[in-house]
Structure formats: C-alpha cells, structure tokens
Number of protein chains: 2
Amino acid sequence: MPAPSPSAARAGFPVSRQVLADHVYEALLEWLMDGRLEPGAAVSIDGMARELDVSPTPVREALARLEHTGMVRRVALKGYRVAPVFTREDFAELMEARLSIEPVNARLACTRMTPEGLDSLKQAVEDLKTAPRGGSFAEYRSYLEADERFHQLIAAQANNQFLLAAYNTLGGQIQRFRLFGGVGITDAEQAIAEHQAVLDAMTTGDPEKAAAMMVDHVEKVRGRAMADAPEE
Amino acid sequence: MPAPSPSAARAGFPVSRQVLADHVYEALLEWLMDGRLEPGAAVSIDGMARELDVSPTPVREALARLEHTGMVRRVALKGYRVAPVFTREDFAELMEARLSIEPVNARLACTRMTPEGLDSLKQAVEDLKTAPRGGSFAEYRSYLEADERFHQLIAAQANNQFLLAAYNTLGGQIQRFRLFGGVGITDAEQAIAEHQAVLDAMTTGDPEKAAAMMVDHVEKVRGRAMADAPEE
DNA sequence: CTGCCGCCGTTCCTATAGGATTTGTGCCAT
DNA sequence: ATGGCACAAATCCTATAGGAACGGCGGCAG
C-alpha cells in the first residue's frame with residue numbers, strides 16, 4: 001500500500017491532506033495523556049510503528065517533536081522513554097514556573113480580552129461546573145480538559161506568541177501531572193470558585209485583580225497537592 | 001557507503017558515538033546563527049542532505065526538533081522555511097515575554113547562586129568588555145555570544161528546569177534578533193554597564209535589586225532597539 | 001503578441017533494507 | 001547449582017527507492 005490518499009484527493013476533497021507524522025504525533029500525545037503509556041515506559045520506534053501500522057520514519061519524526069515538549073526523553077542510541085513521574089521537587093519547580101508566567105498572562109489577557117475570548121472562558125468554567133467528577137479516570141477526564149482549556153485560553157488571550165509558547169510547554173506538563181501526580185480531584189468546589197474569581201476579575205476588567213486571583217489559584221493548587229503528599 | 005563509524009568504533013574509542021541527526025541539528029543551528037541561512041529562505045530537506053552529505057532522514061529529524069524552537073517554520077507538504085524577520089510587533093512581544101521571565105530568573109538565581117555560577121557570570125561580563133565590537137559581523141560575534149551566555153547562565157542558576165526551558169526557547173529568538181534585527185551593537189558601553197549592575201546585585205546577594213536591574217536592562221534594550229527603528 | 005497546456009524536474013513524504021549494537025536466553029563447563 | 005559464553009531477537013540508526021504533488025518552461029492556438 002503505497003499511499004492511501006489519492007482516492008480521496010481525486011474526489012475533489014483533499015480532506016486527508018495531512019502528513020502521517022502529524023497523526024502519529026497526535027496519537028502519541030493522546031496515549032500519553034490517557035495513561036496508556038505509563039511514565040518511565042520505553043517507547044520503541046519500531047514497536048510503535050507496528051502498533052500504529054505505519055513505517056518507523058513518521059514515528060521517529062513525531063517523537064523528535066515530542067521530545068521538545070518534555071513528555072518523552074531521548075537517550076542517543078538507546079531510544080525514547082516516557083518522562084518519569086514528577087517528584088515533589090519537580091512539582092515545586094513547575095508551580096514556581098506557573099507563578100511567574102500565568103499571572104502575567106492573566107493581567108495581559110484582561111487588558112486585551114475579546115468578547116469571544118470571554119465567552120470561551122465562561123464556557124470553560126461552565127464545563128468545569130457541570131463536568132462529572134466520579135472516581136474513574138474516564139469520568140473526570142472532561143473536568144481536567146476544561147481546567148487545562150481555561151488556562152490555555154487565558155494564555156492565548158494574552159496575545160503574545162512567546163508567552164503562549166512558553167505556557168504551552170508548561171501546559172502539557174501540568175496536564176500530565178494532573179493525571180499521574182497521584183492526586184485525583186481534590187476540593188473541586190474550591191478550585192472552581194478560584195477559577196470563577198479569575199473569570200470575574202476578567203469580566204470586570206480589573207487586570208491587577210485578575211493577576212492576583214491567578215496567583216491565589218496557583219498557590220492553592222500547590223497547597224492542595226502538597227498536602228495530599230503523593231508517594232515519596 | 002553504509003556507515004562511516006565502524007572504523008572508529010573498532011579502534012576501541014567509540015569517540016563518535018553520536019547520532020548523525022545531532023550533528024545535523026548543530027550544523028543547522030550554526031548556519032541559522034551565522035546568517036548563512038537568511039530569514040524567509042526555504043530549507044529543502046533533500047537539498048540540505050546533499051549539502052551535508054547525509055541522507056534526508058537525519059535532516060528530517062533535525063528539522064522536526066528545530067521547529068519547536070521557532071527558528072524554522074513548517075508547512076505540511078510544503079517544507080520548512082527559516083522563520084521570517086521580526087516585525088516591530090514581534091519584537092515588542094519578545095521583550096514583553098523577557099520582562100515577565102528574566103527578572104524572575106534573576107531573583108531566583110540570586111538566592112540560589114553557587115560560587116562557580118558567579119564566576120561564570122563574571123567571566124561572561126568580562127568577555128563582554130573585552131570582546132571586539134568592530135563593524136563586521138565576524139568581529140562582534142563573540143560579543144553577542146557573551147551577551148546570550150550571560151542571560152543563559154542566570155536562567156540556569158535559577159535552578160528551575162521549566163523556567164530554564166522557557167528561557168531557552170526565548171533565548172534562540174533573542175539571539176536571532178540580535179543578528180538580524182537590523183540593529184548592530186548600539187551603545188555597547190551602556191549595555192555593559194547594565195549587565196554589570198545585574199552582576200553587582202548578584203554579588204551583593206540582593207535578589208530584589210537583581211530583578212530590578214534586570215527589568216531596567218531589558219527595558220533599555222527595548223528602548224534602544226525601538227529608537228533605532230529597523231526597516232518598516 | 002498573448003494566453004493556455006503539457007512536460008519535466010524538484011520536493012515532500014513514506015516505506016523498506018540492512019548494518020551496528022544492546023539485551024535476553026539457553027546451554028555448557030566448572 | 002552457578003557463572004560465563006554463544007546465539008538470537010529486538011532495537012536504533014542511516015541509506016535508498018519510489019509515489020504523489022507542486023512549480024517552471026517551452027510550445028502551440030487564438
């Protein structure tokens with residue numbers, strides 16, 4: 001099977017005009033977030049190629065891109081492994097980084113907020129409130145997704161490509177921690193209230209308050225996670 | 001020619017136990033910083049492979065990694081291009097991002113500074129002072145290198161992997177701007193004094209002053225570059 | 001002279017082949 | 001029984017082949 005696309009291309013709809021490596025990238029990202037690939041596990045190039053029924057070349061390219069996100073680590077001539085679980089130290093560093101970037105994003109986003117952006121934010125908070133938060137992972141998956149989306153949207157509304165890129169690098173790690181950090185959802189009600197507070201400041205158009213509320217939120221996230229003290 | 005390595009590997013010294021894609025990555029990075037690859041220029045995979053006398057596969061992998069640094073952009077099925085020159089808008093965003101990250105780095109670095117780190121910083125400032133700043137690019141190359149090294153060292157001393165990663169993403173762009181921003185070295189004496197001020201605060205061990213001096217420096221860099229008003 | 005069309009080269013993209021090295025297993029000797 | 005060694009499998013890495021699409025160029029019709 002040389003290429004599966006021409007049939008679709010001839011139909012006038014170049015629908016699948018996407019590179020195979022992109023599909024592999026997204027598949028790997030999803031597997032990483034799903035927990036199907038556990039931290040520390042080896043990610044064999046050939047094996048993954050067999051699993052996805054493609055050749056090793058696109059897998060190699062996808063992994064090369066993924067490495068820069070910190071989700072996987074590469075050792076030359078040894079292969080790729082899923083990044084190990086966060087230690088308490090790692091987590092502290094991650095929160096420190098969030099505290100230096102996210103409040104800035106919040107302040108800028110507040111001054112540059114578009115009506116559509118505000119609507120998206122409101123939707124994210126609404127989704128947080130209505131999302132099921134049952135015990136199984138599949139159940140609170142949408143909750144975590146809305147959480148990440150909220151922060152991502154703020155970074156996007158800050159309207160600064162570099163800050164957005166910087167946040168996105170963190171965002172993947174944050175989301176991965178939410179999944180594998182050892183803590184499930186703790187005090188969802190309070191977390192939602194904190195998000196709401198940020199949103200309110202945005203709606204009011206008070207940049208300083210938005211930044212302050214973001215600081216408050218991240219610090220409390222840190223507090224809750226540290227209190228629940230994962231393993232080690 | 002299947003593989004050029006075994007001759008060296010048999011000698012007992014697996015000296016060149018490095019992946020070819022790494023060499024390509026470094027070569028491309030150097031070419032990007034040297035100006036041999038001008039902004040906007042197409043970077044053909046096959047062409048680059050011929051030029052470096054390797055197969056397209058390692059080139060593809062190197063470019064995939066490079067994309068995440070923002071140095072090159074990729075359009076699916078069209079290929080890679082060197083990222084275009086900074087607009088004034090881009091530059092303003094970059095400085096905004098620096099202002100939200102570098103002072104934090106400076107503050108943290110000040111509290112966590114090691115003696116060796118301080119020595120490295122002093123060396124960097126010393127190199128700034130002694131570096132030639134002639135008209136030709138090759139002459140002030142070492143000046144720019146020392147400038148970048150100073151900021152990079154501070155990010156490293158902040159001892160936070162995420163902040164370091166965030167800075168490094170910016171660092172490449174900053175360095176690229178220093179080269180292609182249209183402005184050469186303006187007011188080197190004043191820039192050196194600003195670096196020295198940051199270093200002094202670090203030596204004294206005054207985190208707040210270090211952060212303040214860093215803010216001052218970045219803002220003045222922005223001022224100088226904006227005043228010199230590149231094209232457009 | 002101008003506009004359109006087919007041809008050819010280039011390029012991206014994926015698959016496949018094969019060399020080099022590491023890892024695991026089973027067998028043999030001590 | 002245990003330690004060491006050979007063989008085999010898996011893996012990484014690079015090169016090569018070939019399909020599909022895009023772009024430029026020359027020739028031909030109007």
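Residue numbers start from 1 in every chain, and the chains themselves are labelled A, B, ... in the order their sequence lines are given, proteins ahead of strands.
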- Message: Has B/Asp90 got a side-chain atom pairing as donor or acceptor with B/Thr87's backbone, closer than 3.5 angstrom?
- Response: yes
Between [X] ([atom1]) and [N] ([atom2]), how many Å, whole number?
X       : N      : atom1 : atom2 : value
B/Leu63 : C/dC12 : CG    : P     : 9 Å
A/Arg81 : C/dT22 : CZ    : C1'   : 13 Å
B/Glu61 : D/dT14 : CD    : P     : 7 Å
B/His23 : D/dC13 : NE2   : C1'   : 13 Å
A/Glu67 : D/dC12 : CD    : P     : 14 Å
B/Arg60 : D/dC13 : CZ    : P     : 17 Å
A/Lys78 : D/dC13 : NZ    : P     : 11 Å
A/Leu20 : D/dA20 : CG    : C1'   : 14 Å

- Flag the pair B/Glu93 and A/Arg112 as a salt bridge only when some basic side-chain nitrogen lies within less than 4.0 angstrom of an acidic carboxylate oxygen. no
- Any salt bridge between B/Arg149 and B/Glu145, counting N to O under 4.0 Å?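 B/Glu145 and B/Arg149: salt-bridged.
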[X] side chain: which of [options] is closest?
X       : options                : result
B/Val54 : D/dA15, C/dA15, C/dT14 : D/dA15
A/Val19 : D/dT14, D/dT16, C/dT14 : C/dT14
B/Pro58 : C/dT23, D/dA15, C/dT16 : D/dA15

- Item | Residues in side chain to side chain contact (heavy atoms under 4.5 Å, CB included) contact with A/Pro84, at least two apart in sequence or another chain |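 If we apply the side chain to side chain contact (heavy atoms under 4.5 Å, CB included) test to A/Pro84, skipping adjacent residues, the hits are A/Arg73.
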- Residue list, side chain to side chain contact (heavy atoms under 4.5 Å, CB included) with A/Gln173, at least two apart or on another chain: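 Result, side chain to side chain contact (heavy atoms under 4.5 Å, CB included) vs A/Gln173: A/Phe86, A/Leu94, A/Arg176, B/Phe162.
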- Task: Nearest-nucleotide wise, let me know which of A/Thr57 and A/Gly79 is further upstream toward the 5' end of DNA chain D.
- Result: A/Gly79
- Which part of the nucleic acid, if any, lies within contact of B/Arg74, taking any heavy atom under 4.0 Å across all strands shown: a base, the sugar-phosphate backbone alone, or nothing? nothing
- State, with a plain yes or no, whether a side-chain heavy atom of B/Glu61 is found less than 4.5 Å away from one of B/Tyr25.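 They are not in side-chain contact.
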- Task: Flag the pair A/Leu52 / A/Trp31 as yes when at least one side-chain heavy-atom distance between them is below 4.5 Å, and no otherwise.
- Result: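 Yes, at least one pair of side-chain atoms sits under 4.5 Å.
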- Item | Neighbours of DNA chain D within residues 39-48 of chain A, by heavy-atom distance under 4.0 Å |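 Output list: A/Val43, A/Ser44, A/Ile45, A/Asp46.
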